[in-house]
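To start, the structure under review is shown below, and the notes come after it.
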Amino acid sequence: MTMSASTFSSPFTLAVCAEMVFRDLPMNERVKRIDALGFQVEIWDWTRHDIESLANSGATFSSMTGYVTGTLADAAGADELLHTASESVDVAKRLGIPRLNLHGTGLDRQGLPVKPCQQLTGSMWLKARDTLNRLADLGELNDVTFVLENLNTDVDHPGVPFARLADVLALVESVDRPGLRIMLDVYHAQIGEGNLIELIHRCAPYIGEVQVADVPGRCEPGTGEINYSAIAKALSDIGYRGTVGLEGWASGDDELALDRFRAAFSL
């Protein structure tokens with residue numbers, strides 16, 4: 001039986017990725033369904049959606065992909081990234097979205113890097129830091145936050161540069177601007193690094209949003225090996241009171257998956 005939001009008490013704002021649940025419904029109907037169940041809504045590439053329809057849905061949106069094309073660590077790619085990030089800011093304002101998600105390089109529809117990279121150089125680190133500073137300028141000027149997401153290269157995103165959470169933290173910490181924070185993805189961190197609670201504590205000052213799914217399978221909490229009650233407690237212990245988003249598939253019934261997600265982050 002589906003439980004109402006009032007059944008649970010969570011210190012976090014909970015969101016759900018509309019790209020990954022209720023996939024038998026058109027996007028606008030997915031968004032409305034998620035909203036009706038008491039969650040905020042995450043979307044990915046805004047160019048694939050009817051923005052006017054989403055704006056009229058009545059839903060509250062937590063985050064979306066904050067660029068269309070471009071890369072962090074080369075001059076032409078960085079300029080392209082800034083250009084499409086500026087376009088994304090305009091869309092975010094229409095939808096009331098406060099956080100815009102970034103990756104080390106553009107991803108195709110299969111989540112693979114447009115420009116794969118197997119080895120980072122010192123000049124790439126410096127260019128990435130410069131690009132992120134420019135993005136922080138853009139975010140602070142427009143009252144939105146860009147969030148750099150950690151990914152895993154073993155299963156989902158081989159060849160993405162700056163994918164490890166340790167790398168993301170190093171970049172965000174070096175920029176140290178309110179317009180740039182971490183999109184801490186627990187699913188990717190478990191595959192790529194493990195030691196999740198220690199990572200949460202290390203990232204504490206820079207977390208802009210948290211995304212979750214279980215390992216293996218990338219489904220809702222409770223379907224795999226991650227102890228999400230411990231993750232929820234760790235986030236609470238560091239004083240995090242922001243958004244936790246389910247960016248995962250439903251292992252079976254969609255509403256039951258969302259119930260399990262909500263229960264995992266109720267303390």
Side-chain angles (χ1 to χ4, degrees), residues 1-17 20-21 34 37-42 60 62-63 98-99 101 145 147-152 154-156 163-170 172-173 178 181-267:
M1 180 178 70
T2 300
M3 307 295 287
S4 68
S6 61
T7 306
F8 300 97
S9 176
S10 177
F12 315 110
T13 298
L14 301 182
V16 173
C17 179
M20 303 180 77
V21 297
I34 291 167
L37 291 169
F39 298 94
Q40 293 190 4
V41 180
E42 173 195 329
T60 299
S62 62
S63 62
R99 287 172 297 278
N101 205 20
T145 303
V147 283
L148 182 60
E149 182 183 3
N150 62 292
L151 302 173
N152 80 79
D154 292 332
V155 176
D156 299 285
R164 297 173 68 251
L165 184 54
D167 295 344
V168 168
L169 174 60
V172 173
E173 190 174 29
R181 286 292 181 261
I182 295 172
M183 175 67 83
L184 196 165
D185 192 303
V186 178
Y187 162 79
H188 291 307
Q190 172 67 0
I191 294 173
E193 291 152 276
N195 200 21
L196 296 177
I197 291 176
E198 175 63 23
L199 286 174
I200 286 169
H201 281 266
R202 285 171 55 196
C203 293
Y206 301 102
I207 299 173
E209 186 171 328
V210 176
Q211 291 179 332
V212 302
D214 221 329
V215 177
R218 202 175 185 178
C219 294
E220 73 273 10
T223 57
E225 67 192 19
I226 300 177
N227 183 349
Y228 268 110
S229 62
I231 297 299
K233 182 178 184 302
L235 289 168
S236 179
D237 286 348
I238 65 170
Y240 183 73
R241 297 295 183 270
T243 299
V244 177
L246 175 63
E247 193 181 45
W249 314 106
S251 62
D253 179 78
D254 292 270
E255 288 196 21
L256 178 58
L258 269 56
D259 280 348
R260 289 171 173 167
F261 164 54
R262 196 188 326 255
F265 285 90
S266 299
L267 301 175

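FYI, side chains are in, hydrogens and waters are out, and symmetry mates aren't considered; it's all heavy atoms of this structure.
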Below 3.5 Å, can you tabulate the donor-acceptor pairs from side chains in residues 192-203 to any protein atom, sequence neighbours excluded?
residue, atom, partner, partner atom, Å
Glu193, OE1, Leu165, N, 2.8
Glu193, OE2, Leu165, N, 3.4
Glu193, OE2, Ala166, N, 3.0

Can you confirm whether [X] sits close enough to [Y] that some side-chain heavy atom of one is under 4.5 Å from a side-chain heavy atom of the other?
{"X": "Val16", "Y": "Ser62", "value": "no"}
{"X": "Val168", "Y": "Leu151", "value": "no"}
{"X": "Leu258", "Y": "Val21", "value": "yes"}
{"X": "Tyr187", "Y": "Asn152", "value": "yes"}
{"X": "Cys17", "Y": "Gln211", "value": "no"}
{"X": "Thr223", "Y": "Ser251", "value": "yes"}
{"X": "Pro11", "Y": "Arg241", "value": "yes"}
{"X": "Arg262", "Y": "Ser10", "value": "no"}

If you round to the nearest 0.5 Å, how far is [atom2] of [Y] from [atom1] of [X]?
{"X": "Thr145", "Y": "Arg181", "atom1": "OG1", "atom2": "CZ", "answer": "7.5 Å"}
{"X": "Gln40", "Y": "Leu14", "atom1": "CD", "atom2": "CG", "answer": "9.0 Å"}
{"X": "Asn150", "Y": "Arg164", "atom1": "CG", "atom2": "CZ", "answer": "10.0 Å"}
{"X": "Phe12", "Y": "Leu267", "atom1": "CZ", "atom2": "CG", "answer": "5.5 Å"}

- Message: Under a 4.0 Å threshold between the charged nitrogen and the carboxylate oxygen, would Lys233 count as salt-bridged to Asp237?
- Response: yes

- Message: I'd like to know if Arg218 pairs up with Glu247 as an ion pair, taking the criterion as any Lys NZ or Arg NE/NH1/NH2 lying under 4.0 Å from an Asp or Glu carboxylate oxygen.
- Response: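 Judged by the 4.0 Å cut-off on N to carboxylate O distance, Arg218 and Glu247 do form a salt bridge.
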
- Query: Of Tyr240, Phe39, Tyr228, which meets ring-ring contact (aromatic ring centres under 6.0 Å, His included) against Phe265?
  - Reply: Tyr228

- Item | Minimum heavy-atom distance between Pro221 and Ala264, given as atom pair plus value | CB-CB, 3.8 Å

- So, for Ala250 and Asp253, which heavy atoms are closest and what is the spacing to 0.1 Å?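 Of all heavy-atom pairs spanning Ala250 and Asp253, the closest is CB-O, 4.1 Å.
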
- Could you go step by step and tell me if Leu148 and Met183 meet the side chain to side chain contact (heavy atoms under 4.5 Å, CB included) rule? CA-CA 5 Å; Leu148 182 60; Met183 175 67 83; over 6 Å; no

- Item | Counterpart residues, side chain to side chain contact (heavy atoms under 4.5 Å, CB included), relative to Asn227 (two or more places apart) |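 Once residues adjacent in sequence are excluded, the partners of Asn227 under the side chain to side chain contact (heavy atoms under 4.5 Å, CB included) criterion are Ser229, Ala230.
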
- Mind running side chain to side chain contact (heavy atoms under 4.5 Å, CB included) on Val210 and Leu235 for me, showing each step along the way? CA-CA 9 Å; Val210 176; Leu235 289 168; 4.0 Å; yes

- Task: Could you walk me through whether Thr243 and Arg99 pass the side chain to side chain contact (heavy atoms under 4.5 Å, CB included) test, one step at a time?
- Result: CA-CA 10 Å; Thr243 299; Arg99 287 172 297 278; 3.1 Å; yes

- Task: Apply the test side chain to side chain contact (heavy atoms under 4.5 Å, CB included) to residues Val147 and Ile182: give CA-CA distance (whole Å), side-chain angles for both, the deciding distance (0.1 Å), then the verdict.
- Result: CA-CA 5 Å; Val147 283; Ile182 295 172; over 6 Å; no

